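Shown next, in C-alpha coordinates, is the structure this report addresses.
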Amino acid sequence: MSRSGYTLPVFACAAAVAALQWLRYRQHINIVSIDLLEPAEIVEIPIDQVAGISENQALAMTHSDPGDNLDLTKNTPVWAVVEWYAGDGESVIIQGGEGIGKKINDDGKAAIYTYAQDLIQENLRRLLTETEKIKVTIILPEGRLLAIRTSNSAFGVVEGLSLLGTTGISQPLSTPDQLAAFRADLEERASKFTTLVFCIGENGLDLAQRIGINPARLVKTANWLGPMLVAADVLGVKEILLFGYHGKLMKLAGGIFHTHHHLADGRREILTSHCAMIGLNATDIQTIFHSPTAEAALKHLKNLDINTGSNWVNLVYSAIAETIDTRSQVYINSHNEQGKTSIACGCVLFDRDRQIFVKSKTGCILLEKLC
(Lines give C-alpha, C1' and ligand atoms only; values in the text may rest on other atoms or scores of the structure.)
Protein backbone atom coordinates (compact mmCIF):
# COMPACT_ATOMS: atom_id res chain seq x y z
CA MET A 1 0.00 0.00 0.00
CA SER A 2 1.20 3.51 -0.78
CA ARG A 3 1.49 6.07 2.01
CA SER A 4 -0.44 9.33 1.91
CA GLY A 5 1.10 12.44 3.44
CA TYR A 6 -0.10 16.02 3.75
CA THR A 7 -0.24 18.96 1.38
CA LEU A 8 2.06 21.97 1.64
CA PRO A 9 -0.56 24.24 3.31
CA VAL A 10 -0.69 21.84 6.29
CA PHE A 11 3.02 22.27 7.02
CA ALA A 12 2.78 26.04 6.60
CA CYS A 13 -0.08 26.02 9.10
CA ALA A 14 1.85 23.80 11.52
CA ALA A 15 4.86 26.12 11.48
CA ALA A 16 2.59 29.11 12.12
CA VAL A 17 0.91 27.38 15.07
CA ALA A 18 4.30 26.48 16.58
CA ALA A 19 5.54 30.06 16.21
CA LEU A 20 2.41 31.44 17.88
CA GLN A 21 2.76 28.97 20.72
CA TRP A 22 6.34 30.16 21.28
CA LEU A 23 5.19 33.79 21.40
CA ARG A 24 2.69 32.88 24.05
CA TYR A 25 4.60 30.39 26.19
CA ARG A 26 8.27 30.87 25.17
CA GLN A 27 8.55 27.11 24.76
CA HIS A 28 9.78 24.96 21.90
CA ILE A 29 7.00 22.62 20.77
CA ASN A 30 8.06 19.42 19.00
CA ILE A 31 4.64 18.45 17.65
CA VAL A 32 1.52 20.48 16.88
CA SER A 33 -2.02 19.30 16.23
CA ILE A 34 -3.70 20.64 13.08
CA ASP A 35 -7.36 20.41 12.13
CA LEU A 36 -7.27 19.69 8.38
CA LEU A 37 -10.85 20.97 7.92
CA GLU A 38 -11.04 18.97 4.70
CA PRO A 39 -11.22 16.16 5.57
CA ALA A 40 -12.47 16.74 9.14
CA GLU A 41 -9.47 15.17 10.81
CA ILE A 42 -6.88 16.15 13.44
CA VAL A 43 -3.27 15.30 12.56
CA GLU A 44 0.04 15.77 14.33
CA ILE A 45 2.89 17.51 12.51
CA PRO A 46 6.49 17.46 13.81
CA ILE A 47 8.31 20.79 14.22
CA ASP A 48 12.04 21.02 13.57
CA GLN A 49 12.87 24.24 15.37
CA VAL A 50 11.32 27.32 16.97
CA ALA A 51 13.13 30.54 17.84
CA GLY A 52 12.29 34.01 19.02
CA ILE A 53 13.25 36.80 16.65
CA SER A 54 12.21 39.61 18.98
CA GLU A 55 9.81 40.16 21.84
CA ASN A 56 6.91 40.23 19.37
CA GLN A 57 8.13 37.82 16.67
CA ALA A 58 8.88 34.11 16.44
CA LEU A 59 10.04 31.78 13.68
CA ALA A 60 9.16 28.09 13.41
CA MET A 61 10.44 25.53 10.92
CA THR A 62 9.21 22.19 9.67
CA HIS A 63 9.58 20.26 6.42
CA SER A 64 6.97 18.88 4.04
CA ASP A 65 6.07 15.21 3.78
CA PRO A 66 3.69 14.39 0.91
CA GLY A 67 3.92 10.64 1.56
CA ASP A 68 4.58 8.49 -1.49
CA ASN A 69 3.45 11.19 -3.88
CA LEU A 70 6.00 12.10 -6.56
CA ASP A 71 6.09 15.67 -5.29
CA LEU A 72 9.10 17.93 -5.77
CA THR A 73 8.36 19.58 -2.41
CA LYS A 74 9.18 16.36 -0.54
CA ASN A 75 11.31 17.26 2.51
CA THR A 76 11.48 20.93 1.53
CA PRO A 77 11.80 23.39 4.46
CA VAL A 78 8.65 25.31 5.43
CA TRP A 79 8.99 28.33 7.71
CA ALA A 80 6.50 30.68 9.34
CA VAL A 81 7.13 33.99 11.07
CA VAL A 82 4.37 35.10 13.46
CA GLU A 83 4.21 38.52 15.06
CA TRP A 84 1.77 40.37 17.30
CA TYR A 85 0.31 43.47 15.74
CA ALA A 86 -2.23 46.12 16.68
CA GLY A 87 -3.54 47.23 13.31
CA ASP A 88 -7.03 47.15 11.84
CA GLY A 89 -8.50 44.20 9.97
CA GLU A 90 -8.61 40.45 10.46
CA SER A 91 -7.33 38.79 13.61
CA VAL A 92 -5.03 36.68 11.39
CA ILE A 93 -3.34 38.33 8.42
CA ILE A 94 -1.46 35.97 6.09
CA GLN A 95 1.24 37.07 3.70
CA GLY A 96 3.77 35.39 1.46
CA GLY A 97 7.47 35.70 2.11
CA GLU A 98 10.47 34.42 0.18
CA GLY A 99 9.67 31.40 -1.99
CA ILE A 100 5.90 31.95 -2.07
CA GLY A 101 4.85 32.71 -5.64
CA LYS A 102 3.21 35.92 -6.79
CA LYS A 103 0.09 36.02 -8.98
CA ILE A 104 1.03 38.27 -11.89
CA ASN A 105 -2.60 38.69 -12.93
CA ASP A 106 -3.71 39.68 -9.44
CA ASP A 107 -1.45 42.65 -8.64
CA GLY A 108 1.36 40.40 -7.44
CA LYS A 109 -0.62 38.97 -4.54
CA ALA A 110 0.83 35.94 -2.79
CA ALA A 111 -0.23 32.64 -4.34
CA ILE A 112 -1.89 31.42 -1.15
CA TYR A 113 -5.25 30.04 -2.19
CA THR A 114 -8.57 29.51 -0.44
CA TYR A 115 -7.94 26.20 1.34
CA ALA A 116 -4.56 27.35 2.67
CA GLN A 117 -6.02 30.67 3.84
CA ASP A 118 -8.93 28.95 5.59
CA LEU A 119 -6.70 26.29 7.15
CA ILE A 120 -4.21 28.75 8.64
CA GLN A 121 -6.81 31.25 9.81
CA GLU A 122 -9.07 28.67 11.43
CA ASN A 123 -6.29 26.89 13.32
CA LEU A 124 -4.70 30.11 14.55
CA ARG A 125 -7.91 31.91 15.51
CA ARG A 126 -8.65 29.15 18.00
CA LEU A 127 -5.45 30.08 19.85
CA LEU A 128 -6.18 33.82 20.06
CA THR A 129 -8.26 35.85 22.47
CA GLU A 130 -10.92 38.19 21.08
CA THR A 131 -8.56 41.16 21.15
CA GLU A 132 -5.36 39.53 19.92
CA LYS A 133 -4.16 39.93 16.35
CA ILE A 134 -1.24 38.38 14.52
CA LYS A 135 0.51 38.64 11.19
CA VAL A 136 1.75 35.39 9.61
CA THR A 137 4.45 35.28 6.94
CA ILE A 138 4.94 31.95 5.17
CA ILE A 139 8.43 31.32 3.77
CA LEU A 140 9.64 28.52 1.49
CA PRO A 141 13.44 28.95 1.43
CA GLU A 142 13.75 26.63 -1.61
CA GLY A 143 10.52 27.78 -3.25
CA ARG A 144 12.03 30.08 -5.88
CA LEU A 145 14.43 27.36 -7.05
CA LEU A 146 11.80 24.59 -7.02
CA ALA A 147 9.35 26.74 -8.97
CA ILE A 148 11.63 26.55 -12.01
CA ARG A 149 10.77 22.84 -12.22
CA THR A 150 6.99 23.40 -12.13
CA SER A 151 4.36 24.74 -14.53
CA ASN A 152 3.47 27.56 -12.10
CA SER A 153 4.50 30.26 -14.56
CA ALA A 154 2.06 28.77 -17.06
CA PHE A 155 -0.70 29.73 -14.63
CA GLY A 156 0.62 33.21 -13.94
CA VAL A 157 2.51 32.43 -10.71
CA VAL A 158 6.14 33.57 -10.60
CA GLU A 159 9.07 33.70 -8.17
CA GLY A 160 7.96 30.76 -6.07
CA LEU A 161 5.49 27.99 -5.29
CA SER A 162 1.75 28.16 -4.64
CA LEU A 163 -0.06 27.04 -1.51
CA LEU A 164 -2.77 25.38 -3.55
CA GLY A 165 -5.26 22.56 -3.06
CA THR A 166 -8.64 21.70 -1.63
CA THR A 167 -7.62 19.15 0.99
CA GLY A 168 -4.96 18.49 3.61
CA ILE A 169 -4.28 14.95 2.41
CA SER A 170 -1.59 14.57 -0.26
CA GLN A 171 -2.53 11.64 -2.42
CA PRO A 172 0.15 9.72 -4.33
CA LEU A 173 -1.27 10.56 -7.76
CA SER A 174 1.12 8.39 -9.75
CA THR A 175 0.59 5.09 -7.96
CA PRO A 176 -1.85 2.27 -8.81
CA ASP A 177 -3.46 2.72 -5.39
CA GLN A 178 -4.43 6.26 -6.33
CA LEU A 179 -5.84 5.12 -9.66
CA ALA A 180 -8.03 2.72 -7.71
CA ALA A 181 -9.23 5.61 -5.53
CA PHE A 182 -10.00 7.70 -8.63
CA ARG A 183 -11.95 4.82 -10.14
CA ALA A 184 -13.97 4.45 -6.94
CA ASP A 185 -14.80 8.16 -7.05
CA LEU A 186 -15.74 7.84 -10.72
CA GLU A 187 -18.01 4.88 -9.96
CA GLU A 188 -19.87 6.90 -7.32
CA ARG A 189 -20.41 9.86 -9.68
CA ALA A 190 -21.32 7.63 -12.63
CA SER A 191 -24.11 6.12 -10.52
CA LYS A 192 -25.72 9.58 -10.38
CA PHE A 193 -24.89 11.21 -13.72
CA THR A 194 -24.40 10.05 -17.29
CA THR A 195 -22.56 13.27 -18.22
CA LEU A 196 -19.30 13.90 -16.35
CA VAL A 197 -16.40 16.34 -16.51
CA PHE A 198 -12.82 15.06 -16.33
CA CYS A 199 -10.24 17.45 -14.83
CA ILE A 200 -6.57 16.56 -14.54
CA GLY A 201 -5.81 18.81 -11.57
CA GLU A 202 -6.81 21.56 -9.18
CA ASN A 203 -6.76 24.37 -11.77
CA GLY A 204 -9.36 22.61 -13.89
CA LEU A 205 -11.51 21.69 -10.90
CA ASP A 206 -11.43 25.27 -9.64
CA LEU A 207 -12.24 26.89 -13.00
CA ALA A 208 -14.99 24.39 -13.80
CA GLN A 209 -16.80 25.27 -10.59
CA ARG A 210 -16.30 28.98 -11.16
CA ILE A 211 -18.09 28.86 -14.52
CA GLY A 212 -21.04 27.04 -12.97
CA ILE A 213 -20.47 23.31 -13.48
CA ASN A 214 -21.98 21.21 -10.71
CA PRO A 215 -19.08 19.98 -8.51
CA ALA A 216 -20.81 16.61 -8.18
CA ARG A 217 -20.13 16.02 -11.89
CA LEU A 218 -16.41 16.76 -11.63
CA VAL A 219 -13.98 13.86 -11.66
CA LYS A 220 -10.30 14.32 -10.89
CA THR A 221 -8.14 12.10 -13.09
CA ALA A 222 -4.59 13.35 -12.44
CA ASN A 223 -2.51 11.91 -15.30
CA TRP A 224 -4.60 8.71 -15.61
CA LEU A 225 -6.85 9.92 -18.44
CA GLY A 226 -6.70 6.72 -20.48
CA PRO A 227 -7.67 4.27 -17.72
CA MET A 228 -10.34 6.68 -16.46
CA LEU A 229 -11.93 6.99 -19.92
CA VAL A 230 -12.05 3.21 -20.21
CA ALA A 231 -13.53 2.88 -16.72
CA ALA A 232 -16.22 5.46 -17.58
CA ASP A 233 -17.17 3.42 -20.64
CA VAL A 234 -17.53 0.27 -18.52
CA LEU A 235 -19.68 2.18 -16.02
CA GLY A 236 -22.10 3.32 -18.71
CA VAL A 237 -21.22 7.03 -18.80
CA LYS A 238 -22.66 8.56 -21.97
CA GLU A 239 -20.87 11.92 -22.23
CA ILE A 240 -17.49 13.16 -21.02
CA LEU A 241 -16.19 16.71 -21.15
CA LEU A 242 -12.40 16.84 -20.96
CA PHE A 243 -11.71 20.15 -19.23
CA GLY A 244 -8.11 21.22 -18.85
CA TYR A 245 -5.02 23.30 -19.44
CA HIS A 246 -4.05 23.20 -23.11
CA GLY A 247 -0.46 22.19 -22.33
CA LYS A 248 -1.73 18.96 -20.77
CA LEU A 249 -4.77 18.05 -22.82
CA MET A 250 -3.05 18.51 -26.18
CA LYS A 251 -1.04 15.36 -25.41
CA LEU A 252 -4.21 13.38 -26.14
CA ALA A 253 -4.11 14.69 -29.70
CA GLY A 254 -0.86 12.74 -30.05
CA GLY A 255 -2.34 9.57 -28.59
CA ILE A 256 -0.67 10.08 -25.20
CA PHE A 257 -3.20 9.01 -22.57
CA HIS A 258 -0.97 8.98 -19.50
CA THR A 259 0.04 12.61 -19.37
CA HIS A 260 2.81 12.64 -16.74
CA HIS A 261 5.84 14.39 -18.25
CA HIS A 262 8.17 11.64 -16.99
CA LEU A 263 6.46 9.17 -19.35
CA ALA A 264 5.84 11.17 -22.52
CA ASP A 265 5.62 14.69 -23.84
CA GLY A 266 5.26 15.34 -27.58
CA ARG A 267 3.60 18.73 -27.19
CA ARG A 268 5.85 20.61 -29.59
CA GLU A 269 5.46 17.87 -32.19
CA ILE A 270 1.68 17.95 -31.81
CA LEU A 271 1.58 21.74 -32.08
CA THR A 272 3.92 22.02 -35.05
CA SER A 273 2.21 19.25 -37.00
CA HIS A 274 -1.17 20.95 -36.61
CA CYS A 275 0.35 24.31 -37.52
CA ALA A 276 1.82 22.77 -40.67
CA MET A 277 -1.46 21.12 -41.65
CA ILE A 278 -3.31 24.42 -41.24
CA GLY A 279 -0.76 26.21 -43.44
CA LEU A 280 1.43 28.27 -41.09
CA ASN A 281 4.66 29.39 -42.78
CA ALA A 282 7.95 27.57 -42.18
CA THR A 283 9.58 30.36 -40.14
CA ASP A 284 6.75 30.46 -37.62
CA ILE A 285 6.58 26.68 -37.50
CA GLN A 286 10.27 26.70 -36.54
CA THR A 287 9.49 29.22 -33.78
CA ILE A 288 6.65 27.05 -32.48
CA PHE A 289 8.83 23.93 -32.53
CA HIS A 290 11.58 25.62 -30.53
CA SER A 291 9.27 27.33 -28.01
CA PRO A 292 10.32 26.37 -24.46
CA THR A 293 6.73 25.80 -23.32
CA ALA A 294 3.26 25.25 -24.80
CA GLU A 295 2.28 28.61 -23.33
CA ALA A 296 5.12 30.34 -25.19
CA ALA A 297 3.96 28.73 -28.43
CA LEU A 298 0.40 29.91 -27.81
CA LYS A 299 1.69 33.41 -27.10
CA HIS A 300 3.54 33.43 -30.45
CA LEU A 301 0.33 32.51 -32.28
CA LYS A 302 -1.57 35.19 -30.36
CA ASN A 303 1.02 37.80 -31.34
CA LEU A 304 0.75 36.75 -34.97
CA ASP A 305 -3.01 37.28 -34.80
CA ILE A 306 -2.60 40.70 -33.18
CA ASN A 307 0.07 41.89 -35.61
CA THR A 308 -1.33 40.51 -38.85
CA GLY A 309 -5.06 40.25 -38.23
CA SER A 310 -4.89 36.48 -38.71
CA ASN A 311 -6.80 33.78 -36.85
CA TRP A 312 -4.07 31.23 -36.14
CA VAL A 313 -4.94 30.56 -32.50
CA ASN A 314 -8.49 29.54 -33.32
CA LEU A 315 -7.50 27.60 -36.47
CA VAL A 316 -4.67 25.63 -34.86
CA TYR A 317 -6.27 24.93 -31.52
CA SER A 318 -9.69 24.12 -32.97
CA ALA A 319 -7.93 21.46 -35.06
CA ILE A 320 -6.14 20.18 -31.95
CA ALA A 321 -9.42 20.11 -30.00
CA GLU A 322 -11.15 18.07 -32.69
CA THR A 323 -8.17 15.69 -32.76
CA ILE A 324 -8.38 15.29 -28.97
CA ASP A 325 -12.03 14.25 -29.32
CA THR A 326 -11.27 11.83 -32.15
CA ARG A 327 -8.27 10.23 -30.47
CA SER A 328 -10.25 9.87 -27.22
CA GLN A 329 -13.05 8.03 -29.04
CA VAL A 330 -10.51 5.79 -30.76
CA TYR A 331 -8.78 5.06 -27.46
CA ILE A 332 -12.02 4.06 -25.75
CA ASN A 333 -13.12 1.99 -28.76
CA SER A 334 -9.83 0.09 -28.69
CA HIS A 335 -10.57 -1.00 -25.11
CA ASN A 336 -14.28 -1.68 -25.58
CA GLU A 337 -15.29 -5.35 -25.78
CA GLN A 338 -17.64 -4.62 -28.69
CA GLY A 339 -15.06 -2.40 -30.36
CA LYS A 340 -17.35 0.62 -30.24
CA THR A 341 -18.32 2.86 -27.37
CA SER A 342 -21.46 4.93 -26.92
CA ILE A 343 -19.57 7.68 -25.06
CA ALA A 344 -19.43 11.12 -26.66
CA CYS A 345 -16.20 13.00 -25.83
CA GLY A 346 -15.73 16.75 -26.06
CA CYS A 347 -13.01 19.07 -24.79
CA VAL A 348 -12.52 22.57 -23.45
CA LEU A 349 -9.04 24.10 -23.22
CA PHE A 350 -7.93 27.04 -21.08
CA ASP A 351 -4.70 29.04 -20.93
CA ARG A 352 -2.42 30.12 -18.09
CA ASP A 353 -4.79 32.96 -17.19
CA ARG A 354 -7.52 30.34 -16.68
CA GLN A 355 -9.34 31.75 -19.68
CA ILE A 356 -11.17 29.28 -21.91
CA PHE A 357 -10.00 29.97 -25.45
CA VAL A 358 -11.10 26.96 -27.48
CA LYS A 359 -13.82 24.30 -27.39
CA SER A 360 -14.34 21.38 -29.71
CA LYS A 361 -17.73 21.08 -31.41
CA THR A 362 -18.84 18.40 -28.96
CA GLY A 363 -17.23 20.37 -26.14
CA CYS A 364 -19.46 23.37 -26.95
CA ILE A 365 -22.57 21.20 -26.80
CA LEU A 366 -21.60 19.57 -23.51
CA LEU A 367 -20.52 22.82 -21.86
CA GLU A 368 -23.83 24.46 -22.75
CA LYS A 369 -25.63 21.51 -21.22
CA LEU A 370 -23.56 21.58 -18.02
CA CYS A 371 -23.58 25.31 -17.25
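Quick caveat: nothing in here was measured; it's all calculated off a predicted structure.
The list of ring pair (Phe, Tyr, Trp, His ring centres under 6.0 Å) pairs with a residue in residues 309-342, not counting sequence neighbours, reads His246-Tyr317, Phe257-Tyr331, Tyr317-Phe357, Tyr331-His335. Among pairs with a residue in residues 34-61, none fulfils ring pair (Phe, Tyr, Trp, His ring centres under 6.0 Å), at least two apart in sequence or across chains.
For Asn123, the side chain to side chain donor-acceptor pair (under 3.5 Å) criterion is met by no residue, not counting sequence neighbours. For Phe243, the ring-ring contact (aromatic ring centres under 6.0 Å, His included) test picks out Phe350, with sequence neighbours left out. Asn311 pairs by the side chain to side chain donor-acceptor pair (under 3.5 Å) definition with nothing, not counting sequence neighbours.
Ala60 and Val50 make their closest contact through CB-CG2, 4.0 Å (heavy atoms, listed as atom of the first residue, atom of the second, distance). Contact between Cys345 and Leu229 at its shortest, heavy atoms only, is SG-CD2, 4.4 Å.
Here Arg144 pairs with Glu98 in a salt bridge; the nearest charged N to carboxylate O distance falls below 4.0 Å. With salt bridges taken as basic N to acidic carboxylate O contacts below 4.0 Å, one links Glu90 and Arg125. A salt bridge does not link Glu269 with Lys251: every distance from a Lys NZ or Arg NE/NH1/NH2 to an Asp or Glu carboxylate oxygen is 4.0 Å or more. Checked for salt-bridge contact, Glu187 and Arg183 miss the test: no charged N lies under 4.0 Å from a carboxylate O. Between Glu295 and Lys299 there is no salt bridge, since no side-chain N of the basic residue sits under 4.0 Å from a carboxylate O of the acidic one. The pair Asp265-Arg267 counts as a salt bridge, with a side-chain nitrogen and a carboxylate oxygen less than 4.0 angstrom apart.
Under a hydrophobic clustering in which Ile, Leu, Val, Met, Phe, Trp and Tyr are joined whenever their side-chain heavy atoms come within less than 4.5 Å, directly or via other members, Leu225 and Ile270 fall into different clusters. Hydrophobic clustering, with ILVMFWY side chains joined whenever heavy atoms are under 4.5 angstrom apart, groups Ile211 together with Leu205. Cluster membership for Leu37 and Leu8, using ILVMFWY side-chain heavy atoms within less than 4.5 angstrom, is shared. When hydrophobic clusters are built by joining Ile, Leu, Val, Met, Phe, Trp and Tyr residues whose side-chain heavy atoms come closer than 4.5 Å, directly or via intermediates, Ile94 is grouped together with Trp84. Leu140 and Val158 are not part of a single hydrophobic cluster, where members link through side-chain heavy atoms under 4.5 Å apart.
For Lys103, the NZ atom is densely surrounded, since the number of other residues' heavy atoms within 6.0 Å is greater than 12.
Residue Val81 shares its hydrophobic cluster (ILVMFWY side chains chained together at separations under 4.5 Å) with Ile53, Leu59, Met61, Trp79, Ile139.
Checked by atom type, the side-chain pair Thr62/Asp48 shows no donor-acceptor distance below 3.5 Å.
Remark: of the listed residues Ile100, Thr76, Leu146, Leu146 is the sole one forming a side chain to side chain contact (heavy atoms under 4.5 Å, CB included) with Leu161.
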